[in-house]
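Let me begin by presenting the structure, written as structure tokens, before commenting on it.
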Amino acid sequence: QVQLVESGGGSVQSGGSLRLSCAISGNIGRIYVMAWFRQAPGEEREGVSSIDSDGDTRYIDSVKGRFTISLDNAKNTLYLQMNSLKSEDTAVYYCAAADAHLTTIGRVLTGHGVYSWGKGTQVTISS
């Protein structure tokens with residue numbers, strides 16, 4: 001059973017940076033897809049970025065060039081480096097593990113194939 005625990009959220013001013021971490025316990029396998037999602041108040045949860053075991057990545061347009069997803073296999077930790085933060089990035093951020101046999105780095109951003117979710121970490125950007 002895979003368990004995910006996010007950390008690194010907080011409050012920063014617009015233009016600042018944060019790095020989110022997601023500690024992974026359990027076995028995600030050698031072939032995997034991992035992703036970050038976020039949910040702003042009153043809005044649906046949306047996929048933000050994903051990565052697979054080949055190192056391929058995907059980002060939604062609104063974060064391209066500002067966010068970087070990575071996974072440290074030695075530390076069993078997924079990261080999301082967030083730079084040039086904007087007020088519209090304010091949300092609870094969740095990491096997710098998905099079945100690579102059922103989804104792709106594109107489809108996972110709709111939630112497809114996700115079998116484990118973290119509880120989330122709050123990110124608040126003030127202007």
Side-chain angles (χ1 to χ4, degrees):
Q1 183 177 0
V2 172
Q3 293 186 323
L4 307 172
V5 179
E6 302 94 338
S7 61
S11 297
V12 298
Q13 290 191 322
S14 179
S17 298
L18 284 172
R19 188 176 78 158
L20 305 184
S21 299
C22 173
I24 305 165
S25 59
N27 184 12
I28 60 172
R30 293 187 300 111
I31 301 174
Y32 55 79
V33 174
M34 300 289 296
W36 287 97
F37 290 75
R38 65 187 180 187
Q39 187 168 20
E43 307 220 358
E44 298 281 321
R45 188 178 299 188
E46 70 168 347
V48 174
S49 180
S50 57
I51 186 168
D52 67 15
S53 46
D54 289 331
D56 293 327
T57 59
R58 185 69 58 91
Y59 301 90
I60 55 173
D61 287 345
S62 61
V63 307
K64 280 181 183 176
R66 301 189 298 121
F67 290 13
T68 303
I69 191 171
S70 62
L71 193 148
D72 186 329
N73 286 294
K75 295 183 178 180
N76 286 336
T77 303
L78 179 72
Y79 298 102
L80 186 67
Q81 177 66 45
M82 306 187 295
N83 299 326
S84 302
L85 285 160
K86 305 176 181 180
S87 57
E88 51 263 44
D89 295 318
T90 294
V92 178
Y93 283 71
Y94 301 88
C95 68
D99 188 337
H101 296 96
L102 298 177
T103 194
T104 65
I105 55 172
R107 293 186 73 190
V108 72
L109 295 180
T110 66
H112 191 265
V114 172
Y115 63 84
S116 183
W117 294 91
K119 295 187 186 305
T121 186
Q122 176 71 48
V123 171
T124 303
I125 311 303
S126 57
S127 54

Query raised in the report: Is it true that Val5 and Ile51 fall in one hydrophobic cluster, defined by side-chain heavy atoms closer than 4.5 Å?
Result: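 No; Ile51 is not reachable from Val5 via cluster members.
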Show the atom names and distances, to 0.1 Å, of all donor-acceptor pairs under 3.5 Å that link a side chain in residues 10-19 to residues at least two apart or in another chain.
| residue | atom | partner | partner atom | Å |
| --- | --- | --- | --- | --- |
| Ser14 | OG | Leu85 | O | 3.4 |
| Ser17 | OG | Asn83 | OD1 | 2.9 |

Closest heavy-atom pair and its distance - [X], [Y]:
X: Thr90; Y: Ala40; value: O-CB, 3.6 Å
X: Val114; Y: Ala96; value: CG1-CB, 3.8 Å
X: Ile60; Y: Gly47; value: CG2-O, 3.1 Å
X: Leu78; Y: Ser70; value: CD1-O, 3.3 Å

Does anything in [range] pair up under salt bridge (Lys or Arg N to Asp or Glu O under 4.0 Å), and if so which pairs, sequence neighbours excluded?
range: residues 106-118; answer: none
range: residues 30-40; answer: Arg38-Glu46, Arg38-Asp89
range: residues 47-63; answer: Asp61-Lys64

Sequence-distant partners of [X], side-chain contact (heavy atoms from CB on, under 4.5 Å), two or more places apart:
X: Ala23; value: none
X: Leu102; value: Asp99
X: Ser49; value: Tyr59, Ile69, Leu80
X: Ser53; value: Ile31, Tyr32

**Report entry** Ile105 and Thr57: CA distance, side-chain angles, deciding distance, side-chain contact (heavy atoms from CB on, under 4.5 Å) verdict
**Finding:** CA-CA 7 Å; Ile105 55 172; Thr57 59; 5.9 Å; no
Report task. Could you note down all residue pairs passing disulfide bond (SG atoms under 2.5 Å apart) where residues 9-111 supplies at least one of them, sequence neighbours left out? Result ->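 Output for this query lists Cys22-Cys95.
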Requested in this report: Could you note down all residue pairs passing disulfide bond (SG atoms under 2.5 Å apart) where residues 96-127 supplies at least one of them, sequence neighbours left out?
Outcome: none
Query raised in the report: Under 6.0 Å between the ring centres of Phe37 and Trp117?
Result: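 Close enough - the centres of the two rings lie under 6.0 Å apart.
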Query - Side chains of Val2 and Ile24 in contact at under 4.5 Å (non-hydrogen atoms) - result: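 Touching, per the 4.5 Å side-chain cut-off.
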Query raised in the report: Does any non-hydrogen side-chain atom of Trp36 lie less than 4.5 Å from one of Leu109?
Result: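 They are not in contact (no side-chain heavy atoms under 4.5 Å apart), so the answer is no.
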Query - side chain to side chain donor-acceptor pair (under 3.5 Å) partners for Gln122, two or more places apart - result: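 Result, side chain to side chain donor-acceptor pair (under 3.5 Å) vs Gln122: Thr124.
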Query - Partners meeting side chain to side chain donor-acceptor pair (under 3.5 Å) with Thr110 (sequence neighbours left out) - result: none
[X] [atom1] to [Y] [atom2] distance, which is reported to the nearest 0.5 Å:
X: Gln3; Y: Ser116; atom1: CD; atom2: OG; value: 7.5 Å
X: Lys86; Y: Ser127; atom1: NZ; atom2: OG; value: 13.5 Å
X: Leu20; Y: Ser7; atom1: CG; atom2: OG; value: 8.0 Å

Requested in this report: Carefully, step by step, assess Leu71 and Tyr79 under the rule side-chain contact (heavy atoms from CB on, under 4.5 Å).
Outcome: CA-CA 6 Å; Leu71 193 148; Tyr79 298 102; over 6 Å; no
Query - Heavy-atom donor-acceptor pair, Gln39 side chain to Ala91 backbone, under 3.5 Å - result: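 Checking the backbone N and O of Ala91 against the side chain of Gln39, no donor-acceptor pair under 3.5 Å is found.
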Query raised in the report: Has the side chain of Thr103 got a donor or acceptor atom that lies under 3.5 Å from a matching backbone atom of His112?
Result: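 Present.
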**Report entry** CA sep, side-chain torsions, deciding dist, call: Tyr93, Glu6, side-chain contact (heavy atoms from CB on, under 4.5 Å)
**Finding:** CA-CA 8 Å; Tyr93 283 71; Glu6 302 94 338; over 6 Å; no
